[in-house]
> 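Below is one structure. I have some questions about it.
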Amino acid sequence: MTDIQKLSERIRKLAREKNAIILAHNYQVPEVQDVADLTGDSLALSIQASKTDAELIVFCGVHFMAEAASIVCPDKKVVIPVAEAGCAMADMLTAEQLRDMKAMHPGVPVVTYVNSSAEVKAESDICCTSANAIQVVKWTKAPEVIMTPDRNLAEWVRRHTDQTIYSWDGYCPIHDELSTAAVKKARETHPEAVLMAHPECTAQVLELADVVRSTSGMLDYVRTSSATEFIVATENGLLHPLKKENPGKRFYEASPRMICRDMKKTGLEEIIAALETESPVVHVPEKIRDRAYRAVERMLQVPRD
Ligand code: 13P
Ligand code: SF4
């Protein structure tokens, strides 16, 4: 038995004993995704978690995701194996900055990407994910909308609606740094491949893409596509579930530099420690949770296309 198998068995045993559920984002390292009960994007994971009877949620991802689980599942204990695993984009906007932005555009609804802190969600009217941002903004029917914190997601939405979008200047460094030169090179190397890009990429990169999808959207797309080769313009952790689910298809990184260090901080040992100690706990205070939950709940009412 390999070390990974031994550690994974220990995790599964501890999870049974503690009535715990292990959630892992699509960007986590392969062995963490493999040992998890559920994998997916941040919001889908939280929603699924709220439907289980597990008492303990171990969220293998970054801090805002564990917070989202705590917002959606207030009666459960949520732990994150590595407390310092954060999201550079979520850290680019504080609640105070958002309050100042709202004061500049009084009465304009705020649509906030789930990659944000609970405090920022609490200052927002409705949340969105990379999968439903266009539908959410259209659903507001407001002539003007504030979109935070991702300028690239806001630009993607701007190109699909007539509404005026005021965006915050936040971005994901991993997606934002992907250059059109790197994408064109990948295209030349794999001329038959479908180019899939995440809306956190720049508008220039998205213009070159065949399909623009969230991480779960890319998994869905590949499942039903007749194409056999794909260039993947998002964090490279997604190649693991893509390859695992589609052994007959080929996947290529748009750039080897698309690695989110924070997403790679969690390993099997950290999960064992989190299960044993039931810490570090991520808890959103009720006053903030209540308002943040309203923004998340409103999003869930928006019909999908
Ligand atoms: P999704 O999995 O929701 O597409 O999010 C991507 C991301 O960057 C999460 O940090
Ligand atoms: Fe945040 Fe970007 Fe990492 Fe996602 S990939 S967690 S948006 S820094």
Side-chain angles (χ1 to χ4, degrees), residues 23 25-26 38 40-51 61 64-65 67-74 87 89-90 93 95 98 101-102 105 107-168 170 172 196-201 206 211-221 223-224 234 284 288-305:
L23 309 178
H25 187 264
N26 291 324
L38 294 169
D41 63 26
S42 56
L43 197 79
L45 289 173
S46 293
I47 293 165
Q48 281 174 295
S50 69
K51 294 180 184 154
F64 79 81
M65 296 181 178
E67 270 192 344
S70 169
I71 291 166
V72 181
C73 319
C87 167
M89 185 204 293
L93 177 64
L98 180 50
M101 196 177 179
K102 280 167 39 171
H105 305 284
V108 175
V110 179
V111 177
T112 288
Y113 189 25
V114 287
N115 293 36
S116 53
S117 68
E119 287 84 358
V120 165
K121 287 185 178 78
E123 288 292 333
S124 308
D125 295 287
I126 185 165
C127 282
C128 74
T129 70
S130 50
N132 65 12
I134 296 169
Q135 290 96 317
V136 167
V137 170
K138 284 186 176 168
W139 184 81
T140 65
K141 293 199 170 63
E144 299 171 302
V145 167
I146 295 172
M147 266 199 90
T148 63
D150 187 5
R151 66 182 182 205
N152 290 334
L153 186 66
E155 182 56 30
W156 170 242
V157 172
R158 206 174 269 134
R159 289 177 184 220
H160 289 83
T161 121
D162 296 333
Q163 290 149 284
T164 301
I165 312 271
Y166 304 112
S167 51
W168 186 252
C172 164
M196 303 190 294
H198 194 281
E200 288 176 13
C201 296
L206 295 183
V211 286
V212 177
R213 293 280 191 287
S214 67
T215 59
S216 296
M218 289 185 198
L219 283 157
D220 292 344
Y221 181 84
R223 223 171 273 138
T224 53
T234 192
V284 178
I288 292 166
R289 191 203 78 84
D290 183 51
R291 290 164 60 217
Y293 183 67
R294 252 181 280 157
V296 174
E297 204 188 22
R298 224 168 265 148
M299 170 183 77
L300 299 177
Q301 286 160 16
V302 177
R304 298 291 300 272
D305 285 345

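Note: hydrogens, waters and symmetry copies are ignored here, and every other heavy atom, side chains too, is used.
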> Do E123 and V110 pass the side chain to side chain contact (heavy atoms under 4.5 Å, CB included) test, and can you show the C-alpha distance, the side-chain angles, and the key distance before you say yes or no?
CA-CA 8 Å; E123 288 292 333; V110 179; over 6 Å; no
> Under a 4.0 Å N-O cut-off, is there an ion pair linking R294 with E297?
no
> Could you check whether any side-chain heavy atom of E119 comes within less than 4.5 Å of a side-chain heavy atom of L98, counting everything from C-beta outward?
no
> Are the side chains of D41 and T129 in contact, using a 4.5 Å heavy-atom criterion?
no
> State, yes or no, whether a side-chain contact exists between S216 and N26 at a heavy-atom distance under 4.5 Å.
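In short, these two side chains touch, coming nearer than 4.5 Å.
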> Got a donor-acceptor contact below 3.5 angstrom from the K121 side chain to the I71 backbone?
no
> Working to the nearest 0.5 Å, report the span between OG of S70 and OH of Y293.
12.5 Å
> Look at R151 together with E155 and state whether they make a salt bridge at an N to O cut-off of under 4.0 Å.
no
> Quick one: CD on E67 to OG on S116, what's the gap to the nearest 0.5 Å?
8.5 Å
> Does the side chain of I126 reach to within under 4.5 Å of the side chain of W139, using non-hydrogen atoms?
yes
> Can you tell if the side chain of M65 reaches within under 4.5 Å of the side chain of L23, non-hydrogen atoms only?
no
> Run the numbers on M101 and I146 for side chain to side chain contact (heavy atoms under 4.5 Å, CB included), then give the verdict.
CA-CA 8 Å; M101 196 177 179; I146 295 172; 3.8 Å; yes
> Just wondering, do T140 and D125 contact through their side chains at under 4.5 Å, heavy atoms?
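Contact flag for D125/T140 side chains = no.
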> Quick one: which of V212, L206, T234 gives a side-chain contact (heavy atoms from CB on, under 4.5 Å) with H198?
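Of the listed options, the one satisfying the test is T234.
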> Kindly indicate, with the supporting measurements, whether the criterion side chain to side chain contact (heavy atoms under 4.5 Å, CB included) is fulfilled by I47 and L300.
CA-CA 10 Å; I47 293 165; L300 299 177; 3.6 Å; yes
> Rounded at 0.5 Å granularity, tell me how far CG in N115 sits from SG in C128.
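Rounded to the nearest 0.5 Å, the CG-SG separation comes to 9.0 Å.
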> Mind checking what makes ring-ring contact (aromatic ring centres under 6.0 Å, His included) contact with Y221, not counting sequence neighbours?
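ring-ring contact (aromatic ring centres under 6.0 Å, His included) check on Y221 returns nothing, list empty.
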> Could you measure the distance from the OG atom of S130 to the CZ atom of R213? Nearest 0.5 Å is fine.
11.0 Å
> May I ask you to test the M147-W156 pair for a side-chain heavy-atom distance under 4.5 Å?
no
> Applying side chain to side chain contact (heavy atoms under 4.5 Å, CB included), run through I165 and V137 and close with a yes or a no.
CA-CA 9 Å; I165 312 271; V137 170; 3.8 Å; yes
> With a 4.5 Å heavy-atom cut-off, do Q135 and P303 have their side chains touching?
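No, too far: nothing below the 4.5 Å cut-off.
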